[in-house]
Amino acid sequence: SQQGEEDPQALSIQEGENATMNCSYKTSINNLQWYRQNSGRGLVHLILIRSNEREKHSGRLRVTLDTSKKSSSLLITASRAADTASYFCATDAQASGNTGKLIFGQGTTLQVKP
Amino acid sequence: EAQVTQNPRYLITVTGKKLTVTCSQNMNHEYMSWYRQDPGLGLRQIYYSMNVEVTDKGDVPEGYKVSRKEKRNFPLILESPSPNQTSLYFCASSYHNSPLHFGNGTRLTVT
């Protein structure tokens, strides 16, 4: 069952612009994570935000979480060509009873043009 | 170096020929999991394991088996592969409720 749904599915921007990706989910969560995947490679963890947090920063990344709307956004500022990748949100549903089961969305494919 | 190692990276096989994809982690993680990734469907969880000898089904377990006899290893077994199991497979591990570390993937083709 899909928990996280990313929007948009694909995004193309120029280098230096900001990129915003959104994630919506269906059930209450313990935390929400964002991962990055370069083409055909394993996913790499970017940032984790807990259900009692509203915003988190890491370098050029900014993540927000709105539990009332069951949504999160990932903002990449001053994008670079090297940011070209797919980005996934993943949720750890409270209903899973703290099993640690993580459910991934379908991802947003970001292309940053030099 | 902390890592999750999957083997093989690429595998082409025929329908019905049993195969095993190995996964090993050197971080002493309790939690391990297998995912498959297909175009338009994202990552779907096949099986996961909370610790040694503790495994549970994910969202798409049919046609797969796993075992967790040792903490570091979590092999994925396809007893009788079928073409619909052609996919990109990822193993991942973590401490409980911590971010996942992924392997580099195994691209499986079943003809």
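These values consider heavy atoms only, across backbone and side chains, with no hydrogens, waters or symmetry-generated copies. Just so we're on the same page: letters track the sequence lines, and every chain starts at 1.
Looking only at distances, no side-chain donor or acceptor of N7(B) sits under 3.5 Å from a matching main-chain atom of V21(B). Between the Q106(A) side chain and the P39(B) main chain, no donor and acceptor come within less than 3.5 Å of each other.
Both the backbone and the side chain of L100(B) come within contact range of chain A, with heavy atoms under 4.5 Å apart. Of the two parts of L48(A), only the side chain, counted from C-beta on, holds a non-hydrogen atom closer than 4.5 Å to a non-hydrogen atom of chain B. Residue Q37(A) touches chain B through its side chain alone, counting heavy-atom pairs closer than 4.5 Å. Neither the backbone nor the side chain of Q6(B) comes within contact range of chain A; no heavy atom of the residue lies under 4.5 Å from a heavy atom of that chain.
Nearest approach of G40(A) to F90(B), heavy atoms of both residues: O-CZ, 4.3 Å.
Counting heavy-atom pairs under 4.5 Å between each of S33(B), S98(B), G40(B) and chain A puts G40(B) at the top.
Ring-centre distance between F74(B) and Y48(B): not below the 6.0 Å cut-off.
Between H29(B) and Y95(B), the ring planes lie perpendicular to each other; the angle is over 60°, past the 30° to 60° tilted range.
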